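Nothing here was measured: the structure is a model prediction, and the numbers come from that model.
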Amino acid sequence: MATPSAQIPLGGLARKLVQDGLLNANQAKQAHSDALEQKIPFVSLIVNQNLASSQAVAQAASDEFGVPLLDINAIEIDIDVTKLVKEKLVRQHRTLPIFKRGNRLFVAVSDPTNLQGLDEIKFHVGMNTEAILVQDDKLLKTIERCLAESETSLSALADDDLDGVEFGETENQVSDVSDSEVDDTPVVRFVNKVMLDAINKGASDIHFEPYEKNYRVRFRLDGILKEVAAPPIGMAPRLAARLKVMSRLDISERRIPQDGRIKMNLSKNRAIDFRVNTCPTLYGEKIVLRILDASATKLGVDHLGFEPEQKQLYLDTLHKPYGMILVAGPTGSGKTVTLYTGVNILNQPHTNISTAEDPVEINMPGINQVNVNPKVGLSFATALRAFLRQDPDVILVGEIRDVETAEIAIKAAQTGHMVLSTVHTNDAPQTLTRLVNMGIPPYNIASAVSLIIAQRLARRLCTHCKKLLALPKEALLEEGFTEEDVKQGLKIYGPVGCDQCTDGYRGRLGIYQVMPVSEDMGRLIMAGCNSMQVADQAHKENIPDLRQSGLKKVKDGMTSLDEINRVTKD
């Protein structure tokens, strides 16, 4: 139970922040109460809620407690020193060893009152500890970077030991390619380095593309393709052969597309899967690798980017005993992560969950996951029939592609099961009419489908370099903002570009249309309405469409108007 903010006496850093005019007394008391309730440091809560800048809070803490303030970005941190303390302690106390002198370990902290953390580290390493004050946001980023380097040692692998990366065992293959084409050390090192660079940069896909006179390698970074390498065109056959050997494909077959997988073991605790597809083109085989890094997928509903009311609709529907949740959007819009976030919430010892996917992208303990394989007769429909004979509670279907799969999934939703799936449509209203066009009786759709989520991924503006734009009122109104928005002093930000981001953007955020299927919508569906009529009904029910949700993200300063236009404007 949280301590009422009015009963909390101001002391220490809170009093100092009030004295310096960074917070008022009520804000300080409420922040102290919220920090206790959420079990996070007071300093972190102040910074996370933007009540005061990280720099101002750090300077106030330094003045109050007499602890030296250091810019952690200005020093080179010894990874071997950070390894002296277990990751659990580093994350628990938000502290990071940064250097040592003799028997003294200097530890970066953002909250100098965290004496318990310093004492635990002192006991753990058997050395005297001394606190060095740093900014909270910079400390968190440095912790994540150092832990990542400590775990995978990717920087060392990229330069010194590319051949030491381990891959899953490959099967014996028939090939008319010579050994020199496959086991070519420069080619092996180049492919390994490209794959490691893609992981380091957070790419989602790698494209190896041969053309008549040149060859290029591109990464998809935050949804945008960027050229990263241009090896000699003469390497094309050897690059293709190497990638096909790694992914257990037939090297001698160059006339038809092939699908395979690569597993890269970066450390004992971390492995990355790559989904591989080859496609014959005019000048050789284009090969695309989709990076499936389960550890990088945040399966928390708060990380998705839902607005509060959208999040509540999703959670409420998930906990219904039966029904169907459909997620709509193009390839690469984050549908799988949204679905698995829901599955993760439902993943309890008393719940039987089965999934059928093509392929399984996120491995999750406690879930019965099936890879669909049409070549041997294991289709979505076949897997669904098997699930229904195994006493399921929750069923996830990777995609509803045909009427047979749709009929079985809807029947399951009508007979006491929660069914989650995806559909390739542009928005939520079109999803309903798509099911009708597939041949599903409208009364079945109205009774089975509970919630439809349409989504896109937009690039997030870099917080270090974004700039305020001056746009005329007429342009803002034309883009879809209201008169009230403009009167309230609407602030629109745009990208700049710095060493912390890519072209002014860093990471992506979700934009959603979360549409429950109401009784009125059900009646419209059974009356044979089209998607425009459903959209009008959604508007009457105050359900924001994708465009409106995107403009809300622009108003919040999270992304740019150009980016929302790219992903939502017709």
Side-chain angles (χ1 to χ4, degrees), residues 12-14 16-17 20 22 31-32 35-36 38-156 200 462-464 498-501 506-507:
L13 180 58
K16 176 65 174 174
L17 293 175
D20 289 353
L22 298 172
H32 198 289
L36 290 174
Q38 298 176 30
K39 297 181 180 179
I40 63 173
F42 174 71
V43 170
S44 301
L45 186 130
I46 294 294
V47 175
N48 292 345
Q49 295 190 355
N50 295 318
L51 297 175
S53 72
S54 180
Q55 173 65 36
V57 173
Q59 188 60 59
S62 177
D63 295 341
E64 177 69 15
F65 300 104
V67 180
L69 179 61
L70 175 72
D71 182 359
I72 198 168
N73 291 343
I75 64 171
E76 185 174 345
I77 297 174
D78 187 344
I79 295 298
D80 290 334
V81 172
T82 65
K83 291 179 181 178
L84 292 173
V85 178
K86 291 181 179 179
E87 178 180 343
K88 181 180 178 181
L89 284 178
V90 169
R91 292 191 183 278
Q92 179 182 350
H93 298 295
R94 203 178 284 221
T95 58
L96 183 70
I98 51 177
F99 58 90
K100 66 175 182 176
R101 295 290 183 270
N103 195 42
R104 185 174 294 275
L105 183 66
F106 292 85
V107 181
V109 300
S110 60
D111 183 1
T113 64
N114 185 11
L115 301 179
Q116 180 186 355
L118 293 171
D119 288 342
E120 282 195 41
I121 291 175
K122 179 179 180 180
F123 176 79
H124 177 71
V125 299
M127 302 170 64
N128 293 322
T129 57
E130 186 166 327
I132 300 291
L133 190 62
V134 299
Q135 290 179 224
D136 186 76
D137 54 349
K138 291 184 178 180
L139 175 60
L140 186 59
K141 291 176 183 177
T142 305
I143 286 174
E144 294 299 333
R145 176 175 58 82
C146 290
L147 289 178
E149 290 183 15
S150 176
E151 178 187 0
T152 62
S153 301
L154 289 182
S155 58
N200 276 333
C462 174
T463 57
H464 293 88
C498 66
D499 58 0
Q500 302 284 329
C501 64
R506 183 173 182 177

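- Take K122 and apply the side-chain hydrogen bond (donor to acceptor under 3.5 Å, both in side chains) test, not counting sequence neighbours, and it matches no residue.
- Contact of the L22 side chain with the I46 side chain is not registered, since no non-hydrogen atoms from C-beta on lie closer than 4.5 Å.
- Taking OG1 from T142 and CD1 from I98, the interatomic distance works out to 9.0 Å, rounded to the nearest 0.5 Å.
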Show which side-chain atoms of residues 51-62 pair as donor or acceptor with protein atoms under 3.5 Å away, not counting sequence neighbours.
unit_1: S53; atom_1: OG; unit_2: A56; atom_2: N; d: 3.1
unit_1: S54; atom_1: OG; unit_2: D136; atom_2: N; d: 3.2
unit_1: S54; atom_1: OG; unit_2: D137; atom_2: OD1; d: 2.8
unit_1: Q59; atom_1: NE2; unit_2: D63; atom_2: OD1; d: 3.2
unit_1: S62; atom_1: OG; unit_2: V67; atom_2: O; d: 2.7

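- Applying the ring-ring contact (aromatic ring centres under 6.0 Å, His included) rule to F99 yields the partners F106; only residues at least two apart in sequence or on another chain are considered.
- Contacts of E130 classified as side-chain hydrogen bond (donor to acceptor under 3.5 Å, both in side chains), with partners at least two apart in sequence or in another chain: R104.
- No more than 12 heavy-atom neighbours from other residues, nucleotides or ligands sit within 6.0 angstrom of NZ on K86.
- Once rounded to the nearest 0.5 Å, the distance linking CD1 of I72 with OG of S110 reads 10.0 Å.
- Not counting sequence neighbours, K100 has no partner by the side-chain hydrogen bond (donor to acceptor under 3.5 Å, both in side chains) test.
- One finds the OG1 atom of T129 at 5.0 Å from the CG atom of L118 (value rounded to the nearest 0.5 Å).
- With rounding to the nearest 0.5 angstrom, the CG atom of D119 is 9.5 Å from the NE2 atom of H93.
- By the 4.5 Å heavy-atom criterion applied to side chains, Q135 and N73 are not counted as neighbours.
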Inset, instruction - Take K138 and D71 through the side-chain contact (heavy atoms from CB on, under 4.5 Å) test and state the conclusion after the steps. - result: CA-CA 8 Å; K138 291 184 178 180; D71 182 359; 3.2 Å; yes
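- Expressed to the nearest 0.5 Å, how far CD1 of I77 lies from CD1 of I143 amounts to 9.5 Å.
- A heavy-atom distance below 4.5 Å is not found between the side chains of D111 and R94.
- Legend: residues meeting side-chain hydrogen bond (donor to acceptor under 3.5 Å, both in side chains) with R91, ordered by chain and number and at least two apart, are E87, E144.
- Using a 4.5 Å heavy-atom cutoff, the side chains of L89 and T95 are not in contact.
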